[in-house]
2 protein chains.
Amino acid sequence: MEDTERLPAWCPGEGWCSITATASLVGKKWHPVIIHRLLSEGALGFNALQEEVDGISSKVLSESLDDLEEKRIVSRTIVSEKPVRVEYALTDLGESLEPVVMSLAEWGEQHLDPVEEKASSVV
Amino acid sequence: MEDTERLPAWCPGEGWCSITATASLVGKKWHPVIIHRLLSEGALGFNALQEEVDGISSKVLSESLDDLEEKRIVSRTIVSEKPVRVEYALTDLGESLEPVVMSLAEWGEQHLDPVEEKASSVV
DNA sequence: CGGTATCCTCATTGATACTG
DNA sequence: CAGTATCAATGAGGATACCG
């Protein structure tokens, strides 16, 4: 009804709500990995991508890719019909995420030790 | 044993692994909200914080705060014993997250519409 | 090669209620 | 005011197998 209030109450409307939106995008466990891989490797096929991302299962990769595609971060192009060959690449929007990813990386490097100080695993 | 390989395989060791670490920190649904609120409001009490964050339950807020505290992002200070009054504030580390949060916000503002183009809710 | 379909498990969230 | 306890619901993630 009141379309003046389409934002969550805790989103004062100063645009900061996008933090959550962006965070939920970049924070999805495998998304940053995928984006980073695509950022540094360029277009990759499904399996190649799976290799790059290591432990991810095809199901999860597929889902992630779907999500990323829906959000216009990556594009899916069929480069060969037979045998089927597809290429996933970042869209302009996806590439525009570089600074964000860089920002995360930079902070992590400066403030989080590579060795991880989660401390909880040391007991 | 081999401390040369303490990083996940998909973490080439070029420091980008921190992306994931940072993302998992900032990407935790309520964390960015809490951090932002603290960033703009300064120290806040538990309930005040809950008000600010809107729909969060005390349980989840409590857990988030625990997590954030453990990660040295926020500090918890008892400012009054009776009645009990506590203040949550960002640590230096927490404040150092500002650029990261800004980066997320900025990207979201520029590339994500405030109106959300998730498109799936429109059917 | 590029995916889907199942099934299962665990982490996270949320609502409600209750305590010091 | 500042939390914790409980319990139910959801959903992301993972292993495996199978299909075009």
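Lettering of chains follows the sequences in order, A, B, ..., and the numbering in each one begins at 1. Only a predicted model underlies this, so the values are computations on that prediction, with no experimental measurement involved.
Put simply, the side chain of B:K29 and the base of C:dT13 share no donor and acceptor less than 3.5 Å apart.
Put simply, CD1 on A:I78 is 8 Å from P on C:dG3, counting in whole angstrom units. Distance A:K82 NZ to C:dG3 P: 17 Å, rounded to the nearest Å. The distance between atom CD of B:E63 and atom P of D:dT4, rounded to the nearest whole Å, is 9 Å. If you take OH of A:Y88 and C1' of C:dG2, they are 7 Å apart, rounded to a whole angstrom. In this structure, the CD1 atom of B:I56 is 16 Å from the P atom of C:dT16, given to the nearest Å. Rounded to whole Å, the distance from CG on A:L25 to P on D:dA12 is 14 Å. Remark: C1' of D:dG20 and CZ of A:R85 are 17 Å apart, rounded to the nearest angstrom. In this structure, B:L61 places its CG atom 10 Å from C1' of D:dG3, rounding to the nearest Å.
In this structure, B:L61 CG and B:W30 CH2 are separated by 9.5 Å, a value rounded to the nearest 0.5 Å.
Which of D:dT16, D:dG14, D:dA12 sits closest to the side chain of A:W30 comes down to D:dG14. Between D:dG14, D:dG3, C:dA15, one nucleotide has an atom nearer to the side chain of B:S57 than all others, and that is C:dA15. The listed nucleotides are D:dG3, C:dG14, D:dG14; the one nearest the side chain of B:F46 is D:dG3. The side chain of B:V84 lies closest to D:dA2, out of C:dG3, D:dA2, D:dG20.
OP1 and OP2 of C:dT6 both lie 4.0 Å or more from every side-chain N or O belonging to A:K59. Applying the 4.0 Å criterion to OP1 and OP2 of C:dT4, one finds that A:S62 has a side-chain N or O inside that range. Taking side-chain N and O atoms only, B:R76 has no distance below 4.0 Å to OP1 or OP2 of D:dA2.
Screening A:I34, A:L25, A:D67, A:V26 for a side-chain contact (heavy atoms from CB on, under 4.5 Å) with A:I73, the sole residue that qualifies is A:L25.
A:S58 and A:F46 make their closest contact through O-CZ, 3.6 Å (heavy atoms, listed as atom of the first residue, atom of the second, distance). Nearest heavy-atom pair across A:Q50 and A:S57 is NE2-C, 3.8 Å. Among all heavy-atom pairs drawn from B:T91 and B:V74, the shortest one is CG2-C, 3.7 Å.
Along DNA chain D, the nucleotide nearest to A:V60 and the one nearest to B:E87 differ in position, and the one closer to the 5' end is contacted by B:E87.
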